[in-house]
Chemist: 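Please find one structure pasted underneath; my questions will follow.
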Amino acid sequence: MKVKVRLFARIRELAGISEMEVEIGEGMSVGEVFELVRARIPRLAGQQLPVAFAVNARYVTPEHPVRPGDEVAIIPPVSGGGHVLPGHP
């Protein structure tokens, strides 16, 4: 199955793209989708990037399952932000 992945801010800059489609296996989590993205984009592979995830415009934890047709957003922290996102202490 395929999902649309949207990249934001520093992640988008490093990747050189703002979105992509990723073929994933059934039952994969958002965190596993991010690892697939990192594997496909070498400039992201070596980076230690704290990120938050959203599925269909709702923040989720890295363990959140992804379903066919979902839109996954990978969002790095934005300067000046101070609130805590799910899955991040």
Chemist: From H64 NE2 over to M28 CE, what is the distance, rounded to the nearest 0.5 angstrom?
Modeler: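 One gets 14.0 Å once the value is rounded to the nearest 0.5 Å.
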
Chemist: Looking only at heavy atoms, which two atoms of A54 and I75 are closest? And how far apart?
Modeler: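 Looking at all heavy atoms of both residues, the shortest contact is CB-CD1, 4.2 Å.
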
Chemist: Going by the side-chain contact (heavy atoms from CB on, under 4.5 Å) test, name the single residue among I11, V30, L36, V33 that passes it with V5.
Modeler: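 Of the listed options, the one satisfying the test is V33.
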
Chemist: For atom CD of E21, is the number of surrounding heavy atoms from other residues, nucleotides or ligands below 6.0 Å larger than 12?
Modeler: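 Enclosed.
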
Chemist: Are P50 and P77 close enough that some pair of their side-chain heavy atoms sits under 4.5 Å apart?
Modeler: yes

Chemist: Please list all pairs passing the ring pair (Phe, Tyr, Trp, His ring centres under 6.0 Å) test where one or both residues lie in residues 24-43, with sequence neighbours left out.
Modeler: F34-F53

Chemist: Work out which heavy atom in M1 is nearest to a heavy atom in G25; give both atom names and the distance.
Modeler: CE-O, 3.7 Å

Chemist: Mark yes when over 12 heavy atoms from residues, nucleotides or ligands other than R10 sit less than 6.0 Å from its CZ; otherwise mark no.
Modeler: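 Incorrect, the count does not exceed 12.
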
Chemist: Measure the spacing between CZ of R43 and CD1 of I41 and express it to the nearest 0.5 Å.
Modeler: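 R43 CZ to I41 CD1: 10.5 Å, rounded to 0.5 Å.
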
Chemist: Please report the closest heavy-atom contact between A15 and L7, naming both atoms and the distance.
Modeler: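 In this case the closest contact between A15 and L7 is CB-CD1, 3.7 Å.
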
Chemist: Minimum heavy-atom separation for R67 to V3, with atom names?
Modeler: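 Taking R67 first and V3 second, the nearest heavy atoms are O-CG1, 3.6 Å.
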
Chemist: Going by the rule salt bridge (Lys or Arg N to Asp or Glu O under 4.0 Å), which residues pair with R38 if we only count those two or more places apart in sequence or in a different chain?
Modeler: E35

Chemist: To the nearest 0.5 Å, tell me how far D70 CG sits from I24 CD1.
Modeler: 7.5 Å

Chemist: Please name all residues satisfying side-chain hydrogen bond (donor to acceptor under 3.5 Å, both in side chains) with E13, sequence neighbours left out, ordered by chain then number.
Modeler: none

Chemist: Sequence neighbours excluded, which residues qualify as side chain to side chain contact (heavy atoms under 4.5 Å, CB included) partners of R40?
Modeler: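 With neighbours one apart ignored, the set is M20, V22.
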
Chemist: Taking side chain to side chain contact (heavy atoms under 4.5 Å, CB included) as the test, write out the residues that go with R6, two or more places apart.
Modeler: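 Partners of R6 by the side chain to side chain contact (heavy atoms under 4.5 Å, CB included) criterion, ordered by chain and then number, come out as K4, F8, E19, E71.
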
